[in-house]
There are 2 protein chains.
Amino acid sequence: MDAKQIHHGKESASCPMDFILRMLMGPWTTYILYNLKTHGPQRFGELKRRVAGISAKMLTERLRTLEGASLVRRDYEATIPPKVTYSLTQRGHELDDVLGKLAEIGMRWEAEDAALRAARAAELKAAE
Amino acid sequence: MDAKQIHHGKESASCPMDFILRMLMGPWTTYILYNLKTHGPQRFGELKRRVAGISAKMLTERLRTLEGASLVRRDYEATIPPKVTYSLTQRGHELDDVLGKLAEIGMRWEAEDAALRAARAAELKAAE
DNA sequence: TCCATGAGTTACGAATTGGTACCTACTGGT
DNA sequence: ACCAGTAGGTACCAATTCGTAACTCATGGA
């Protein structure tokens, strides 16, 4: 769906995780998935308020992409005003483990880096 | 390192997997990591030949980014011509599991989709 | 003497990205 | 009568991205 994919589309067919990473990679995608996971099904406006800073355009586009990949379901109720609820599909939930593991690794690295910085700072202070 | 990060940097601090996904997300990043994982430490040119279609500029930039994140180590020998070898660090190898799982999910989805398409095609043929 | 190699760097340029502002249609509140 | 909220769509515009082509430096080979 992006030009990038078209651009080297043939090569990327060889790597199955490429597709999935491309899906997760949008700047806001992880926030959206994270919010849908932790706060459950939500309406468009709710989601937009939670994912602070995102524009309606971007949110729409990301949700459409996720919907196209069957990671998110869109339930439209033609009430007035209309009510559109987004939720994770089964596929969306299949990513829970991996995202959890990634978050864990991310946090571990963050902690390690912080410890390293602290140690270095202490070292500097001692040398001074 | 990207403007994207600067752009909503404060918000992204709340999500630890965001950093890590941003690292993996570059169009070529997974190929590079995959190649380093499966073919072991390699020199720049070797890597460039394996990751078909990548430009030297991109490869350099991606490797620098990965190096900055301590996922890849760069060993430079100042011989003539110079010899630069890249390999996964311990941190780089910590992603093996997750990437493996992602690849597995990706392949499963691909297979499911293919099965679905086949079923649909058969249905069409039967109806015809 | 000219070319190729290895590992890049730099300049340029076209395409893509993503934000802002404005539009829709409908209704309920003041 | 006017404004706000819902769920977007659209046009425009600036910035970013990524590819291409040219350049680097030093040496060994034809």
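In what follows, every chain begins at residue 1, and chains take the letters A, B, ... in the order their sequences are listed.
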**Q.** Separation of C:dG8 P from B:Leu47 CG (nearest whole Å)
**A.** 11 Å
Q) Has A:Trp28 got a side-chain N or O lying under 4.0 Å from the OP1 or OP2 atom of C:dG19? A) yes
Q | Atom pair distance, as rounded to whole Å: CG in A:Leu59 and P in D:dG9 | A | 11 Å
Q: Looking at every strand, decide which applies to A:Lys57 at a 4.0 Å heavy-atom threshold: base, sugar-phosphate, or nothing.
A: base
Q) Quick one: B:Arg62 CZ to C:dG8 P, roughly how many Å, whole number? A) 15 Å
Q) Think B:Arg64 has a side-chain N or O under 4.0 angstrom from the OP1 or OP2 of C:dG8? A) yes
Between N or O atoms, less than 3.5 Å apart, protein on one side and nucleotides 26-30 of chain C on the other: list the pairs.
none

Q: Give, for atom OH of A:Tyr31 and atom OG1 of A:Thr29, the distance between the pair rounded to the nearest 0.5 Å.
A: 10.5 Å
(Q) Expressed as a whole number of angstroms, how long is the span from B:Gln42:CD to C:dA7:P? (A) 12 Å
(Q) Counting only heavy atoms from other residues, nucleotides and ligands, does the tally under 6.0 Å from CG of A:Asp75 exceed 12? (A) yes
(Q) How many whole angstroms separate atom NZ of A:Lys48 from atom C1' of C:dT20? (A) 12 Å
Q) Between C:dT17 atom P and A:Arg22 atom CZ, what is the distance in whole Å? A) 12 Å
Q | OP1 or OP2 of D:dC18 under 4.0 Å from side-chain N/O of B:Ser55 | A | no
**Q.** Short side-chain N/O contact to D:dT6 OP1/OP2 from A:Arg43, under 4.0 Å
**A.** no
Q | B:Lys57 side chain reached by B:Glu61 side chain, heavy atoms, under 4.5 Å | A | no
Q) Among D:dC18, D:dA7, C:dA7, which nucleotide sits nearest the side chain of B:Pro82? A) C:dA7
(Q) Taking the nucleotide of DNA chain C with the nearest heavy atom to each, does B:Arg49 or A:Ile54 sit closer to the 5' end? (A) B:Arg49
Q. Can you tell me how far the CD atom of A:Glu104 sits from the CG atom of A:Leu99, to the nearest 0.5 Å?
A. 12.5 Å
Q. Side chain of B:Ala56: nearest nucleotide among D:dG8, C:dT9, D:dC18?
A. C:dT9
Q. Could you state the interatomic distance from CZ (A:Arg50) to CD1 (A:Ile32), rounded to the nearest 0.5 Å?
A. 13.5 Å
Q.
So, applying side-chain contact (heavy atoms from CB on, under 4.5 Å) with A:Arg43, which one of A:Lys48, A:Arg49, A:Lys83, A:Glu77 is it?
A. A:Lys83
(Q) Looking at B:Asp97, I'd like to know if its CG atom is crowded, meaning that more than 12 non-hydrogen atoms belonging to other residues, nucleotides or ligands lie closer than 6.0 Å. (A) no
Q. Reckon B:Tyr86 has a side-chain N or O less than 4.0 Å from the OP1 or OP2 of C:dG8?
A. yes
Q | Between C:dG8 (P) and B:Glu46 (CD): distance, integer Å | A | 13 Å
Q | Rounded interatomic separation in angstrom, taking CD from B:Glu61 and P from C:dT10 | A | 13 Å
Q.
Any non-hydrogen side-chain atom of A:Leu33 less than 4.5 Å from a side-chain atom of A:Val72?
A. yes
Q: Would you mind telling me which residue lines up with the more 5' stretch of DNA chain D, B:Gly26 or A:Lys83, judged by nearest nucleotide?
A: A:Lys83
